[in-house]
2 protein chains.
Amino acid sequence: MARAASTKGNTRIQRQKTKQILDAALEVFSTYGFRGSTIDQIAAQAGLSKPNILYYFDGKEAIHGVLLDRLLHTWLEPLEHLGESDNPVDEICAYVTRKLEMSRDYPRESRLFANEILQGAPNIIAELQGPLKSLTDDKCRLIQSWIDEGKIAPLDPHHLIFSIWSTTQHYADFDVQVQAVLGASTTDRFETAQTHLDRLFRAMLTPQKADDI
Amino acid sequence: MARAASTKGNTRIQRQKTKQILDAALEVFSTYGFRGSTIDQIAAQAGLSKPNILYYFDGKEAIHGVLLDRLLHTWLEPLEHLGESDNPVDEICAYVTRKLEMSRDYPRESRLFANEILQGAPNIIAELQGPLKSLTDDKCRLIQSWIDEGKIAPLDPHHLIFSIWSTTQHYADFDVQVQAVLGASTTDRFETAQTHLDRLFRAMLTPQKADDI
DNA sequence: TCTTTTTCTGACCATATGGTCAAGACTATG
DNA sequence: CATAGTCTTGACCATATGGTCAGAAAAAGA
């Protein structure tokens with residue numbers, strides 16, 4: 001018999017093929033969106049036949065589902081690492097850097113996520129309202145405590161996080177536009193972006209000793 | 001006879017129906033993306049029959065094309081208004097505000113654009129490399145001149161613009177996520193975002209009289 | 001090696017979708 | 001109010017696409 005809701009993982013062949021399929025699917029889904037992608041495209045990309053794909057997964061939606069599941073874990077990881085520090089400005093800037101690196105190294109994942117959200121997040125709305133919201137609220141409390149201690153400038157923690165997400169993910173999701181306008185090489189684009197974003201958030205976060213003492 | 005590459009506009013009925021169709025198409029395309037949308041959906045949304053839609057437009061792609069054309073014009077307008085000013089910080093912040101208002105008032109247009117870019121901008125890559133790049137480069141020179149005059153802090157003009165685009169459009173394109181995390185009402189979300197973004201860019205742009213004099 | 005289990009595929013099916021067309025309904029106007 | 005032109009639609013077509021299935025081909029065991 002050969003059942004398995006979605007991911008198989010027993011034999012050597014199963015492990016290899018499922019990985020192969022998921023990688024191909026990520027490539028295709030992140031480029032054309034869910035409805036714009038076909039099993040044939042994924043099959044071609046994976047170098048397998050369509051029925052063979054359906055042998056490993058219960059359908060197009062199942063493949064997409066597995067990708068989204070894994071994605072959320074990867075996606076939230078950097079934020080989880082945001083923690084106590086005696087230099088909160090550096091700590092937050094390090095988070096910005098990590099997020100930017102993810103845009104550079106995992107643009108497909110970023111676009112898959114963006115596609116999903118753009119279309120109303122039909123398949124991950126629960127995760128957004130659950131785990132994502134919890135984690136975010138949690139980190140916002142941490143940020144608020146830094147504000148209360150005067151270690152960073154006063155600002156809305158939630159919107160700060162939105163700004164970090166948007167500015168960093170922009171370099172993955174809107175890469176075509178960035179390239180069209182900048183025309184720089186990939187490394188150049190990300191290096192200058194890194195410098196810029198660090199400066200941006202540092203300026204915003206560094207507390208102003210307004211009227212001093 | 002009844003020819004017209006795409007937009008008809010002679011009789012009263014033609015004007016009304018084309019507008020009706022374009023509005024419905026914007027709704028559908030911005031929600032499901034080009035390939036995820038069907039003519040039937042557009043027809044239903046517009047309250048017309050499918051053949052009737054095709055009487056006014058030469059096909060699905062033609063409708064999409066018209067929408068994209070109009071979009072680019074609307075989209076670049078705010079940036080065009082960025083001009084000389086004796087208070088560049090205010091001038092740029094006003095641009096940020098205008099962009100945020102567009103996210104609030106025209107979220108469908110924002111998502112249509114995002115969808116197109118995400119998928120590699122197949123239909124507007126030329127416009128990005130042409131008009132968009134020209135305009136952007138142009139405004140970057142203006143910003144650079146402000147920097148040279150010491151009126152705003154030194155920073156990379158291109159990346160500054162990317163930051164403005166990404167942070168403001170985030171509230172339209174990722175609205176579902178923002179809602180999931182914030183849970184605030186629409187007006188609340190945009191009001192607090194406005195405050196936050198103004199603070200963010202003001203902090204970054206205001207020149208530091210580092211070693212004074 | 002022989003048998004069992006897993007893996008793979010060509011052929012097929014049902015449905016969805018972009019698009020056409022001939023004919024009917026409606027409108028404007030001479 | 002008749003007629004030319006405009007508008008609308010039901011019925012249809014060709015193709016694309018998600019998915020199935022019976023049986024062939026490999027692998028894995030015994």
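This one's a predicted model, so the numbers in the text were calculated from it and none came from an experiment. Each chain gets a letter, A, B and so on, in the order the sequences are listed, and its residues count up from 1.
In this structure, CD1 in A:Ile161 is found 8.0 Å from CG in A:Leu135, a value given to the nearest 0.5 Å.
Between A:Gln20 and A:Gln16, the side chains place a donor N or O and an acceptor N or O closer than 3.5 Å (distance only, hydrogens not considered). A:Thr192 and B:Asp156 share no side-chain donor-acceptor pair at under 3.5 Å. Under 3.5 Å, the side chains of A:Asp175 and A:Gln179 contain a donor-acceptor pair of N or O atoms.
Within the 4.0 Å cut-off from OP1 or OP2 of C:dC8, at least one side-chain nitrogen or oxygen of A:Tyr56 is found. Between B:Tyr55 and D:dC7, a side-chain N or O to OP1/OP2 separation shorter than 4.0 Å is present. One finds no side-chain N or O of A:Lys17 lying less than 4.0 angstrom from the OP1 or OP2 phosphate oxygen of C:dT6.
Close placement of the B:His64 and B:Phe29 rings is indicated, their centers lying within 6.0 Å of each other. Residues A:Tyr171 and A:His196 place their aromatic rings such that the two centres sit no closer than 6.0 Å.
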Quiz item: Which letters describe nucleotides 10-20 of chain C, given B = protein heavy atom under 4.0 Å from base, S = only from sugar-phosphate, - = neither?
Solution: B------SBBB
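Other residues, nucleotides and ligands contribute over 12 non-hydrogen atoms within 6.0 Å of the CZ atom of A:Phe190.
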Short heteroatom pairs, N/O only, protein and nucleotides 28-30 of chain C, under 3.5 Å:
unit_1 : atom_1 : unit_2  : atom_2 : d
C:dA28 : OP1    : B:Arg12 : NH2    : 2.8

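The list of side-chain hydrogen bond (donor to acceptor under 3.5 Å, both in side chains) pairs with a residue in residues 26-36 of chain B, not counting sequence neighbours, reads B:Glu27-B:Arg108.
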